[in-house]
Amino acid sequence: MSFPLLTATAALPAIGAIATAAVPAARRTAAKWLALAFSLGTLVLAAIALVRFEPGGSRFQLTESHAWIKDFGVRYELGVDGIGLALMALTALLIPFVILAGWHDADPLETNSSRWRPTQGFFALILMVEAMVVLSFVATDVFLFYILFEAMLIPMYFLIGGFGDRAHTGSDENAAAQRSYAAVKFLLYNLVGGLIMLAAVIGLYTVAGTFSLSEIAEARANGTFSMATSTERWLFLGFFFAFAVKAPLWPLHTWLPNAMGEATTPVAVLITAVVDKVGTFAMLRFCLQLFPEASKWATPVVLVLALISIVYGALLAVGQRDIKRLIAYASISHFGFIILGIFAMTSQGQSGATLYMINHGISTAALMLVAGFLITRRGSRLIADYGGVQKVAPILAGTFLIGGLATLSLPGLAPFVSEFLVLVGVFSAYPVAGIIATTGIVLAAIYVLVLYQRTMTGPVKAEVQGMTDLKVRELVVVVPLIALLIFLGVYPKPLTEIVNPAVQHTMSDVQKKDPQPQVEAVK
């Protein structure tokens with residue numbers, strides 16, 4: 001039996017979560033280092049999976065399959081394609097930076113406190129989220145995926161509700177109330193989506209007699225499995241609704257600004273750069289693969305919702321006074337681009353959407369983490385409380401600018417490649433949608449550059465006069481992310497080679513071909 005690499009990659013952070021939680025209360029520093037060590041070990045395993053993966057090989061590789069609940073046909077079945085592998089690697093890459101960035105975020109406020117609060121729990125919960133997200137990217141059994149899709153809500157609820165942003169501008173009681181509201185809203189929205197998906201999962205089993213993606217694909221290829229049109233559409237809507245909440249897609253997005261605003265900065269990164277990617281990934285993996293005809297039927301409506309997300313999210317980002325909420329609304333706009341690329345159903349659009357998931361994760365992590373370092377120094381999330389930071393902390397300001405420029409997809413940085421491919425793919429199939437989507441680029445330039453101008457330039461405010469620049473730990477967090485943004489912006493080939501074969505399989509699932517360019521003959 002070959003080594004179960006995918007299981008090991010998901011199991012290691014889960015084991016690390018248990019070990020970190022078990023560290024004695026007084027040894028908080030040891031718990032932090034232990035959590036970091038397990039996250040780095042997970043990154044090593046993900047790197048091994050990248051090396052072992054053959055882009056030109058079979059669709060799902062490194063497969064594992066074991067009986068789990070025999071009476072109901074549920075299997076512990078894993079396999080990874082290029083899209084799942086890239087997102088698994090992104091998750092494994094970001095978690096060590098999340099842990100380092102949140103090194104002091106869960107320390108007790110009382111310096112002489114020896115109670116458990118919460119340092120060990122904070123890092124254990126982060127590792128548990130990593131384990132569930134990694135496993136969700138490689139699960140090829142629909143029921144197994146559903147369990148993970150719902151289970152990751154539990155540690156995220158406690159991370160949002162139990163470890164709030166200490167830069168809250170109100171009283172402690174108000175901060176606790178806002179934190180609780182954000183956590184409950186996050187949980188309720190995603191639970192409702194998950195319960196609707198559960199009904200669809202049961203419906204799928206009733207029709208297909210199995211939860212296995214590979215068995216359904218084989219039966220469809222052999223002509224022994226088909227669904228009535230109405231059945232397929234209802235099942236698609238059940239799956240898509242849950243994924244649209246997680247993504248988040250307008251109008252199911254309202255939980256995100258609350259959750260990101262009230263959570264600590266590392267947890268905010270965990271939400272938008274890691275957990276939310278499960279929603280868009282699942283649209284590619286399950287909606288398009290299981291329900292190809294229904295996906296094409298729903299395309300016009302989904303494209304409209306994606307366009308609204310792009311423009312609406314960007315407009316609200318322009319008007320924000322809170323740094324973290326601005327980044328949250330910007331992410332809603334970016335997720336609109338991702339979903340637009342997926343449902344354009346062109347190879348360029350879907351390749352761009354997949355790259356967008358990865359590059360958005362890196363760029364948002366870089367921008368949000370630097371913003372978190374800035375907020376920690378000043379103790380405020382309000383843009384108006386800053387000014388002239390670049391004169392007292394030039395490295396902080398410079399890294400903040402690069403993260404912002406990546407967010408607006410400046411050429412030469414990784415998100416530009418993604419956004420360009422999405423727009424090319426959309427323009428070739430839906431020119432009007434492509435034109436509307438470009439307004440998101442213009443608005444992104446406005447909210448990013450205005451944010452930088454108001455916080456970093458101008459006279460130095462008295463409150464930021466003594467602000468220190470980035471420290472060694474913070475540089476270790478930010479510099480590799482910026483380096484990766486530049487590298488993938490200049491040379492995206494390593495990613496495209498992994499992703500493109502999986503995109504072609506998805507295009508084959510929905511039986512779509514790229515539109516042929518209309519070229520007039522030269523007279």
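Just so you know, these numbers use all the heavy atoms, side chains as well, and skip hydrogens, waters and symmetry mates. If you read the sequence from its start, that first residue is 1, and numbering goes on from there.
To the nearest 0.5 Å, the span separating CD1 on Ile482 from OG on Ser363 amounts to 11.0 Å. Distance check, rounded to the nearest 0.5 Å: CG of Leu249 to CD1 of Ile308 gives 8.5 Å. Atoms CG and CG, from Leu413 and Leu488 in turn, are 10.5 Å apart once rounded to the nearest 0.5 Å. Note that CZ of Phe373 and CG of Leu475 are 8.5 Å apart. Values are rounded to the nearest 0.5 Å. Within the model, atoms OG1 of Thr9 and CD of Glu130 stand 9.5 Å from one another, a figure rounded to the nearest 0.5 Å. Note that the CD1 atom of Ile126 and the OG1 atom of Thr264 stand 7.0 Å from one another [nearest 0.5 Å].
In Trp234, the CH2 atom is not crowded: 12 or fewer heavy atoms of neighbouring residues, nucleotides or ligands sit closer than 6.0 Å. By the neighbour-count criterion of 12 heavy atoms within 6.0 Å, atom CZ of Phe158 is sparsely surrounded, having that number or fewer from other residues, nucleotides or ligands. A 6.0 Å sphere centred on CH2 of Trp33 holds no more than 12 heavy atoms belonging to other residues, nucleotides or ligands.
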*Start with the C-alpha gap between Val274 and Met152, add the side-chain angles, then the distance that decides, and say whether side chain to side chain contact (heavy atoms under 4.5 Å, CB included) holds.*
CA-CA 11 Å; Val274 176; Met152 70 179 68; over 6 Å; no
*Give the C-alpha distance, both sets of side-chain angles, the deciding distance and a yes or no for side chain to side chain contact (heavy atoms under 4.5 Å, CB included) between Asp276 and Ile271.*
CA-CA 6 Å; Asp276 285 356; Ile271 294 169; 4.0 Å; yes
*Can Thr496 and Val417 be said to form a side chain to side chain contact (heavy atoms under 4.5 Å, CB included), step by step?*
CA-CA 10 Å; Thr496 57; Val417 180; 5.7 Å; no
*Audit row: Phe137, Val80, side chain to side chain contact (heavy atoms under 4.5 Å, CB included) steps and yes/no*: CA-CA 8 Å; Phe137 287 139; Val80 68; over 6 Å; no
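For Thr20 (side chain) and Ala17 (main-chain N/O), no donor-acceptor pair under 3.5 Å exists by modelled atom type. Between the side chain of Ser309 and the backbone N or O of Trp250 there is at least one donor-acceptor pair closer than 3.5 Å. Within the 3.5 Å criterion, the main-chain N or O of Gln350 finds a donor-acceptor partner in the side chain of Thr354. No side-chain donor-acceptor contact under 3.5 Å links Thr140 to the backbone of Leu213. Lys324 contributes a side-chain N or O that, together with a main-chain N or O of Ala263, makes up a donor-acceptor pair within less than 3.5 Å.
Side-chain contact between Thr506 and Arg59 is present, with heavy atoms from C-beta onward closer than 4.5 Å. Residues Glu150 and Leu198 have side chains not in contact (no heavy-atom distance under 4.5 Å, counting atoms from C-beta outward). A heavy-atom distance below 4.5 Å is not found between the side chains of Leu148 and Val278. Taking the side chain as every heavy atom from C-beta outward, Leu36 and Lys32 never approach each other to under 4.5 Å. Side-chain contact between Leu78 and Thr63 is absent, with no heavy-atom pair separated by less than 4.5 Å. Inter-residue side-chain proximity for Leu144 and Val74 is flagged as unmet; no heavy-atom pair is nearer than 4.5 Å. Using a 4.5 Å cut-off on side-chain heavy atoms (C-beta onward), Gln61 and Leu85 make no contact. The closest side-chain heavy-atom distance from Thr254 to Tyr189 is below 4.5 Å.
The residue from Tyr76, Phe149, Phe211, Phe286 that alone fulfils the ring-ring contact (aromatic ring centres under 6.0 Å, His included) condition with Phe143 is Phe211. Tested against Glu419 for a side-chain contact (heavy atoms from CB on, under 4.5 Å), the candidates Asn359, Ile441, Leu355, Ile338 yield a single pass: Ile441.
Side-chain atoms of Thr272 and Ser331 include a donor-acceptor pair closer than 3.5 Å. Defined by atom type and a distance below 3.5 Å, a donor-acceptor pair is present between the side-chain atoms of Glu77 and Ser65. Of the N and O atoms on the side chains of Glu64 and Thr7, at least one donor lies less than 3.5 Å from an acceptor on the other residue. Side chains of Thr280 and Tyr356: a donor-acceptor N/O pair is absent below 3.5 angstrom, by distance only.
Contact record, Ala344 with Val426: CB-CG2, 3.9 Å, taken as the closest heavy-atom pair. Contact record, Tyr146 with Met197: CD1-SD, 4.0 Å, taken as the closest heavy-atom pair. Residue Val499 comes nearest to Gly82 through the heavy atom pair CG2-O, 4.4 Å, listed as atom of the first residue, atom of the second, then distance. Counting all heavy atoms, side chain and backbone alike, Thr42 lies closest to Pro13 at OG1-CD, 3.2 Å. Considering all non-hydrogen atoms of both residues, Ala273 and Leu90 come closest at O-CD2, 3.9 Å. Contact between Met88 and Ala49 at its shortest, heavy atoms only, is CE-CB, 3.8 Å.
Checked against a 6.0 Å centroid threshold, the rings of Trp255 and Phe186 count as neighbours. Under the 6.0 Å cut-off for aromatic ring centres, Phe343 and Phe240 qualify, their centroids lying closer than that.
Every residue two or more places apart in sequence or in another chain was checked for a salt bridge (charged side-chain N to carboxylate O under 4.0 Å, His left out) with Lys70, and none qualifies.
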